[in-house]
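All ligand and atom numbering here is 1-based and tracks the order in the structure.
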Amino acid sequence: MNDSPNILLIYTGGTIGMVKNFETGALVAFDFDQLVLKIPELQQLDCSIDTISFDEPIDSSDMNVERWRALGDSIYTHYDDYDGFVVLHGSDTMSYTASAVSFMFENLTKPIIFTGSQLPIGDLRTDAKENLITAVQIAALQKKGKPVITEVGLYFEYKLLRANRTTKINAEHFEAFQSLNYPPLAVSGVHLKINTSSLRSVNRRKKMVYHTHFDNNILIVKMFPGINQEILQHVFSSEVIKGIILETYGAGNTTTKSWFISMLAQAIKRGVPIINVTQCSGGSVEMGKYDTSVALKKIGVISGKDITTEAAVAKLMYLLGENLPLKVLKTIYETSLRGEMLEN
Ligand code: ASP
């Protein structure tokens with residue numbers, strides 16, 4: 001019997017799976033059944049790899065909640081058959097999908113590692129091979145027969161990051177992602193160094209719970225000087241809106257104009273949660289630190305603390321999908337569920 005870990009590689013689309021058609025010069029999706037033939041190095045890894053692919057691989061700009069669910073389902077239906085999962089995904093919205101997947105799987109006991117690349121796998125200078133090989137290696141890592149990583153990670157350019165802490169910060173550099181508010185889970189150099197103290201611990205006695213319902217009736221509103229009252233009032237009073245992410249300045253500040261505060265207060269009274277998330281890439285919202293955020297705290301705006309906008313979107317859709325009363329949603333939103341924000 002072969003005891004080496006079994007890994008399921010799921011291709012959703014994106015640059016990583018493209019090769020150049022030498023006749024036309026265009027990038028076309030790569031036949032994933034041929035993966036091990038194209039990357040023979042994968043055979044040197046001490047694990048067996050099965051691959052599945054979305055029927056129609058997509059550019060990740062076309063990702064949506066139905067496809068999050070399709071991806072979640074393909075992990076969930078094979079959850080007991082594999083020791084780890086690697087998801088190949090376009091980098092553009094990878095942080096959103098990976099955050100969503102982190103909320104889908106409660107009490108995860110196996111690694112789900114997202115990766116992709118800036119250059120197609122068939123390109124001479126590609127970053128795809130290293131990203132893919134090390135992502136598989138990380139998903140297959142075991143200690144005493146148990147996976148070392150028991151959370152959703154994102155591996156890119158020599159770093160494994162907690163997926164729901166990441167943001168795409170560069171459209172060109174190989175180092176495309178950053179996690180400014182949480183240290184890397186692992187760094188790949190001559191050795192693969194695991195940052196054990198940063199890993200999420202797992203309680204194997206708790207059953208894994210799979211959540212699938214995301215409510216996407218939400219909007220991100222980014223503050224900027226001169227923001228228009230009429231336009232905002234139109235948006236905030238919309239009947240279809242069920243939640244708003246407010247991207248504020250610095251430590252969670254907004255204009256103190258009375259029309260603005262009463263507009264937020266009215267929406268909250270109607271049961272619409274408003275999440276305060278900072279526009280800064282690093283640091284945390286601290287409502288009440290400056291005078292400009294005291295009123296927000298008073299009217300019941302929810303603190304997103306140091307969450308990324310990507311994780312804030314996924315968390316809001318996830319909690320709205322659970323149909324919670326606003327007070328309960330506020331308490332749960334301000335609690336770290338999957339390591340996506342400060343603990344307190
Ligand atoms: N536009 C591509 C995508 O996100 C870029 C990439 O694959 O990295 O699908």
Could you work out, for atom 2 (C) of ligand 1, the closest of T93, D59, L119 by heavy-atom distance? D59
Enumerate the atoms of ligand 1 whose separation from the nearest heavy atom of T15 is less than 4.0 angstrom. 2 (C), 5 (C), 6 (C), 7 (O), 8 (O)
Please check if atom CG in D81 has more than 12 non-hydrogen atoms from other residues, nucleotides or ligands closer than 6.0 Å. yes
Output field: ring centroids F54/Y11 closer than 6.0 Å: no
With atoms numbered from 1 as shown, which atoms in ligand 1 lie under 4.0 angstrom from a non-hydrogen atom of S117? 8 (O)
Check each atom of ligand 1 against the heavy atoms of G14 and keep those under 4.0 Å away; list them by number with element. 7 (O), 9 (O)
Mind checking whether Y318 and H211 have parallel, tilted or perpendicular rings, split at 30° and 60°? perpendicular
Taking atom types as modelled, is there a side-chain donor on Q233 or S237 under 3.5 Å from an acceptor on the other? no
Tell me the protein heavy atom at minimum distance from atom 9 (O) of ligand 1, and give that distance in Å. S60 N, 2.7 Å
Which heavy atom of the protein is the closest neighbour of atom 8 (O) of ligand 1, given with residue, atom name and distance? S91 OG, 2.4 Å
Is it the case that over 12 heavy atoms from other parts of the model lie below 6.0 angstrom from the NZ atom of K159? no
